[in-house]
Asker: 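Pasting a structure here, questions to come.
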Amino acid sequence: MLDLRLIREEKERVAAALARRGDDPAVLDRVLDLDARRRATQAQMDERRAEQKRLSKDVPQLSGGERVETLARLKTLSDDVAAVEKEQASLAAELNALMLDIPNVPDPTAPEGAGDDANVELRRWGLPQAFEFPVRDHVEIGASLGIIDVERGARTSGSRFYYLKGAAVLLELALVRYALDRLQQEGFTPVLPPVLVRREAMEGTGFLPTDEAQIYRTADDDLYLVGTSEVPLAALHMGETLNAGDLPLRYAGISTCFRREAGTYGKDTRGIFRVHQFDKVEMFSFTTPDTSSDEHEFLLQIEEWLLQGLELPYRVVNIAAGELGASAAKKYDCEAWLPGQADYRELTSCSNCTDYQARRLNCRFKGDGNPAFVHTLNGTAISTARWLIALLETHQRADGGVTIPAALRPFFGADHIAPPK
RNA sequence: GGUGGAGUCGCGUAGUGGCCGAGCGCGCACGCCUCGAAAGCGUGUGAGGGGGCAACCUCUCCGUGGGUUCAAAUCCCACCUCCACCGCCA
């Protein structure tokens, strides 16, 4: 949610920002019109209510004709207030619905344009390895080792579902511990959050109403399955006023993530690159406004450490304004080289949502001055399906086994996955 | 799933239709007192919206949302959360 005052005072700036995202700024005129009308009715309502309060104070002391007369006047006034209040409420509701749909203002350093080709590559780390044998992708590797079963996953639950077995399970758990260990060193508190959440949490984080089609909803209880633990982590301090001295608050959420992937039928259909269910360790920070930009770089730094530790070549991409999610002002993706696809693909994503989520969640902090909205940031530490792909494909061996990078061995318990017999 | 009880300004409590648009205690802040401190005394003590250059004025908020009424913390309805007991499951 944007600050209404910002739209009132700097409409042109906000209009330019929406244009950068490829959105129609015309909505701002409707917002301002509704806002002006809402404030006018608010003033009317306040005035009449003040009058009503003044008069009704005397009622207990009055008697006889005077009392009857005053009550009659108050009745009229009361009806009047009710009418204006109704109008005010409907204007406010209409305004709020519009505001919920307006995305965050992109950061000046987010690149111009829309589409993947508008994203700007910032740097590369590592070199895509040259293999001395025919490279296999994770589907082949997973099937031959008997550790990823896509066919039976589809039989049980439909396409984009899968079974992980044996070494893949241990690898996944090792990845989680690997990330968690590092994050604890950096001051993140591990959290196992609820994965079914109320509508307020989805709305507060900006996934609703915008991404309704991507979210699973339970039929009987009106709860939503989270697509990332960003949602319950952001909602952790919903409605709270935090102490400035406690910031930044850093959490590492571990959860299964559910995504409908509606509208992606032809895309990434092979293997477990784009799936309805995966597990993820997510970083989430609550900061003051003046430190969020540094925190964003910090989260990116951690993502790079984690990738480098696993010897996965990658590049860092600054996402274009037109490609940003509704809540993000700025976003970095780390794309690792996947030998099976011979391309860099997204493994992590980290966003600075500034005060956009905080305003929706009503999450503030208080220092010396008045309470102000916090800034929220989120970033992938590791997501299991895609990191598994990167590991299996990057560290595959000629004999069909897979080498486990040194940093992961203490958590995996072995230095390689044995080739199939 | 059922029955009963509860949710008040940081904490604890008062409050069954107008003198509560919220009292008291604790806590906290400032001041007085003191060599200093404690105690004591005094003053203050939330958030949000609207208006004004400003001092200031005004409205909203007693779990949430509706309703009754000229008037609701107080009455009615629904929901949320917590507690207790019963049933069921682990």
Side-chain angles (χ1 to χ4, degrees), chain A residues 1-9 31-100 192-204 208 217-224 231-232 235-247 249 286 288-289 355-374:
Chain A
M1 186 108 68
L2 297 183
D3 187 352
L4 248 178
R5 249 169 299 198
L6 181 71
I7 300 179
R8 262 182 232 148
E9 288 159 19
V31 164
L32 287 180
D33 175 55
L34 278 169
D35 179 47
R37 282 157 62 201
R38 203 210 91 240
R39 278 192 289 167
T41 51
Q42 177 83 53
Q44 266 182 58
M45 193 172 82
D46 286 357
E47 203 176 298
R48 280 173 219 199
R49 231 203 284 265
E51 163 92 18
Q52 185 187 25
K53 282 169 145 186
R54 260 195 308 276
L55 277 179
S56 70
K57 274 222 163 68
D58 302 332
V59 170
Q61 279 84 48
L62 299 177
S63 59
E66 217 180 358
R67 185 184 171 93
V68 173
E69 213 172 283
T70 306
L71 283 183
R73 247 192 93 194
L74 275 169
K75 175 64 178 156
T76 317
L77 203 51
S78 171
D79 291 345
D80 217 28
V81 167
V84 181
E85 190 176 14
K86 204 177 154 193
E87 192 188 346
Q88 199 277 149
S90 103
L91 286 170
E94 202 181 331
L95 179 60
N96 189 49
L98 273 190
M99 289 297 287
L100 278 180
L192 280 170
V195 294
L196 279 164
V197 301
R198 294 224 179 99
R199 187 177 178 90
E200 296 121 86
M202 281 295 179
E203 235 168 48
L208 285 178
R217 197 178 95 220
T218 62
D220 292 333
D221 300 291
D222 209 27
L223 290 171
Y224 298 82
V231 175
L236 188 57
H237 295 301
M238 179 160 60
E240 295 182 22
T241 301
L242 306 169
N243 288 323
D246 293 338
L247 301 177
L249 281 172
F286 295 85
T288 55
D355 61 359
Y356 186 86
Q357 293 180 325
R359 189 168 282 110
R360 289 169 167 243
L361 291 161
N362 191 25
C363 179
R364 294 175 291 169
F365 75 99
K366 188 171 160 59
D368 293 333
N370 286 325
F373 289 110
V374 298

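All chains are named by letter (A, B, ...) in the order of the sequence lines, taking the proteins before the strands, and each is independently numbered beginning at 1.
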Asker: Closer than 3.5 angstrom, by distance alone: can the side chain of Arg8(A) be matched with the main-chain N or O of Ala36(A) as a donor-acceptor pair?
Answerer: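 It does not hold such a pair.
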Asker: Taking any strand in view, what nucleotide pairs with G42(B) in a Watson-Crick or G-U wobble way, both distances under 3.5 Å?
Answerer: C30(B)
Asker: Can you tell me how far P of G10(B) sits from CG of Leu242(A), to the nearest Å?
Answerer: 16 Å
Asker: How close do Leu74(A) and Ser56(A) get, counting heavy atoms only, and between which atoms?
Answerer: CD1-CA, 3.9 Å
Asker: List every contact pair, protein side and nucleotides 48-51 of chain B side both N or O, where the distance is under 3.5 Å.
Answerer:
unit_1 : atom_1 : unit_2    : atom_2 : d
G48(B) : OP1    : Arg364(A) : NH1    : 3.0
G49(B) : OP1    : Arg5(A)   : NH2    : 3.0
G49(B) : O2'    : Arg38(A)  : NH2    : 3.4
G49(B) : N2     : Asp46(A)  : OD2    : 2.6
G50(B) : OP1    : Arg8(A)   : NH1    : 3.2
G50(B) : OP1    : Arg8(A)   : NH2    : 3.0
G51(B) : OP1    : Arg39(A)  : NH1    : 3.0

Asker: Under 4.0 Å between a side-chain nitrogen and a carboxylate oxygen: does that hold for Arg54(A) and Glu51(A)?
Answerer: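 Salt bridge between Arg54(A) and Glu51(A), a charged N being under 4.0 Å from a carboxylate O: yes.
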Asker: Does a nitrogen or oxygen in the side chain of Arg54(A) sit under 4.0 Å from OP1 or OP2 of U58(B)?
Answerer: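 Result: no.
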Asker: Hey, is Asp222(A) close enough to Arg199(A) for a salt bridge, meaning N to O under 4.0 Å?
Answerer: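 Answer for the salt bridge query: no.
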Asker: Contacts to RNA chain B from residues 75-90 of chain A, heavy-atom cutoff under 4.0 Å, which residues?
Answerer: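 Contacts with RNA chain B under 4.0 Å: Lys75(A), Ser78(A).
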Asker: Within the pair Arg73(A) and C70(B), is there a side-chain N or O less than 4.0 Å away from OP1 or OP2?
Answerer: no
Asker: In whole angstroms, how far is the P atom of U64(B) from the CD atom of Glu200(A)?
Answerer: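 One finds 13 Å between P of U64(B) and CD of Glu200(A), rounded.
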Asker: I'd like the P distance from C80(B) over to G10(B), given in whole Å.
Answerer: 25 Å
Asker: If you only use heavy atoms from C-beta on, which nucleotide in C80(B), C59(B), A71(B) is closest to the side chain of Arg49(A)?
Answerer: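 Nearest nucleotide to the side chain: C59(B).
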Asker: Consider the side chain of Lys366(A), meaning its heavy atoms from C-beta on, and name the nucleotide among A71(B), C59(B), A47(B) that approaches it most closely.
Answerer: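 Between A71(B), C59(B), A47(B), the one nearest the side chain of Lys366(A) would be A47(B).
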Asker: If each of Met45(A) and Arg198(A) is mapped to the nucleotide of RNA chain B with the nearest heavy atom, which maps nearer the 5' terminus, i.e. the 5' end?
Answerer: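 Mapping each residue to its closest nucleotide by heavy atoms, the 5'-most match is Met45(A).
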